[in-house]
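Worksheet: the structure to be examined is printed underneath.
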Amino acid sequence: MSTVPSVTATLGARVRSVLPRAEMVRRQWPYWAITYLRTWKGTVFTSFAVPLFYVLAMGVLLGRFIDSAGGGLEGAPSYLSFVAPGLVAAYAMQITMGETTWPVMGMVKWNRTYFAMTTSPLAVSDIVAAHLLFVAFRVGSTCGVFLLVMSLFGVFGSLSGVLLAWPVTILVGMSFAGVMHAFSTTIRSEAGFSVVFRLLVMPLFLFSGAFFPISNLPAPLEWLARISPLWQGVDLTRMLVLGDVHAGAAAVHLAYLVVLSLVGWALAVWRLDKRMEV
């Protein structure tokens, strides 16, 4: 008597699908689409108005008081041209942090969505991949709007560079996403997020080259800034937008961000899998 191959196999208490992992990730998109459609109105202000206010306040208004003739802006012709690319990269970090802190803890601690997902054929790696892809979508859509806003002020030195800068901002977000996702599934109280935003996010935002060259920092702080993923993203985005790309430095920045993104994804899968066993 012939037998029909089973679609799923049970490993311990979990059901696993024999479908390709990419297909299992794709099948989660209706959930994330519905989730976003229910909450997108709350992101309109941060996606459209905040970039405009950032550029107006920091680039246009503050830029009037900064002398760019001395060559202290790393080749940028004006402070607006210097600060705008840095702001879009820093904004990618901020969006990522917002999407991988309280939302992740909610899916583990409060509504326990992750636990429900793991009772299906989804593997933990599928769940993490779908969530991080959603974060990439949020970063890409928001930073895409930011770049469009920048175009109104004539800060682009290279159109092709701007088109390449857009995926770089997504990569900046991904370099933080996995690591922060892993942290969010590790801690037991949301109080830890306050520490992260005060002692990590804000210092990175202020001192990673978005507002002034990091060469102005004391040597130890400059060294710390150079090893941060945000500075890597800020410098690469600025080079692309201004059309002044140094191939060696760009390759180092790109490799750094890609490796950190992959390491972060692996950490997120490992920590969520551990949390699901509790």
Assigning hydrophobic clusters by single linkage (Ile, Leu, Val, Met, Phe, Trp, Tyr; side-chain heavy-atom cutoff under 4.5 Å), is [X] placed with [Y]?
X: Val241; Y: Leu152; answer: yes
X: Val88; Y: Met202; answer: yes
X: Leu257; Y: Val252; answer: no
X: Met174; Y: Ile95; answer: yes
X: Tyr79; Y: Leu242; answer: no

Find the distance between [atom1] ([X]) and [atom2] ([Y]) and round it off to the nearest 0.5 Å.
X: Leu171; Y: Leu236; atom1: CG; atom2: CG; result: 8.5 Å
X: Asp235; Y: Leu240; atom1: CG; atom2: CG; result: 10.0 Å
X: Leu133; Y: Trp29; atom1: CG; atom2: CH2; result: 5.5 Å
X: Thr39; Y: Ile34; atom1: OG1; atom2: CD1; result: 12.0 Å
X: Lys109; Y: Arg275; atom1: NZ; atom2: CZ; result: 8.0 Å
X: Ser175; Y: Leu230; atom1: OG; atom2: CG; result: 8.0 Å

Using ring pair (Phe, Tyr, Trp, His ring centres under 6.0 Å) as the criterion, list what pairs up with [X], not counting sequence neighbours.
X: Trp102; result: Phe193, Phe197
X: Phe53; result: none
X: Phe205; result: Phe211

Next on the checklist: For His131 together with Trp32, are the ring centres under 6.0 Å from each other?
Outcome noted: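 Between His131 and Trp32, which both carry aromatic rings, the centre distance is below 6.0 Å.
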
Item to check | side chain to side chain contact (heavy atoms under 4.5 Å, CB included) between Met97 and Gln94, intermediate numbers included | outcome: CA-CA 5 Å; Met97 289 298 192; Gln94 289 182 313; 5.8 Å; no

Is the side chain of [X] donor-acceptor paired with the backbone N or O of [Y] at a distance under 3.5 Å, no angle test?
X: Trp166; Y: Gly140; result: yes
X: Ser81; Y: Ala76; result: no
X: Thr142; Y: Val139; result: no
X: Gln232; Y: Ile227; result: no
X: Thr237; Y: Val234; result: no

Checklist entry - Rest of the hydrophobic cluster containing Leu163 (Ile/Leu/Val/Met/Phe/Trp/Tyr, side-chain heavy atoms under 4.5 Å)? => result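 Besides Leu163, the cluster holds no residue at all.
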
Min side-chain heavy-atom separation [X]-[Y] under 4.5 Å:
X: Ile170; Y: Cys143; result: no
X: Leu272; Y: Tyr114; result: yes
X: Phe153; Y: Leu56; result: yes
X: Met107; Y: Ile127; result: no

Minimal non-hydrogen separation, [X] against [Y], with atom names:
X: Leu132; Y: Trp265; value: CD1-CD1, 3.6 Å
X: Gly192; Y: Ile187; value: CA-CD1, 4.3 Å
X: Leu87; Y: Ala210; value: N-CB, 4.4 Å
X: Ile214; Y: Ser208; value: CG2-C, 3.8 Å
X: Ala89; Y: Val172; value: O-CG1, 3.7 Å

Checklist entry - Aromatic rings His253 and Trp231: how do their planes relate, parallel, tilted or perpendicular, breaks at 30° and 60°? => result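 Aromatic pair His253/Trp231 classed perpendicular.
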
Checklist entry - Relative to the ring of Tyr91, is the ring of Phe146 parallel (under 30°), tilted (30 to 60°) or perpendicular (over 60°)? => result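 Rings of Phe146 and Tyr91: perpendicular, over 60°.
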
Checklist entry - Should Val135 and Thr100 be marked as a side chain to side chain contact (heavy atoms under 4.5 Å, CB included) after you check the CA-CA gap, both sets of side-chain angles, and the distance that decides it? => result CA-CA 8 Å; Val135 175; Thr100 55; 3.9 Å; yes

Checklist entry - Could you walk me through whether Phe134 and Gln28 pass the side chain to side chain contact (heavy atoms under 4.5 Å, CB included) check? => result CA-CA 10 Å; Phe134 175 73; Gln28 296 175 71; over 6 Å; no

Item to check | Asp126: partners by salt bridge (charged side-chain N to carboxylate O under 4.0 Å, His left out), with sequence neighbours left out | outcome: Arg21

Checklist entry - Which residue pairs satisfy the salt bridge (Lys or Arg N to Asp or Glu O under 4.0 Å) criterion with at least one member in residues 42-57, sequence neighbours excluded? => result none

Item to check | Any side-chain donor near an acceptor of the partner, Arg198 and Ser194, under 3.5 Å | outcome: no

Next on the checklist: Checking His181 against Val128 for the side chain to side chain contact (heavy atoms under 4.5 Å, CB included) test, could you report, in this order, the C-alpha distance in whole Å, the side-chain angles of both residues, the deciding distance, and whether it holds?
Outcome noted: CA-CA 9 Å; His181 189 288; Val128 172; 4.1 Å; yes

Item to check | Distance under 6.0 Å and angle within 45° of ring axis: Arg271 vs Phe183 | outcome: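 Cation-pi check for Arg271 and Phe183: fails.
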
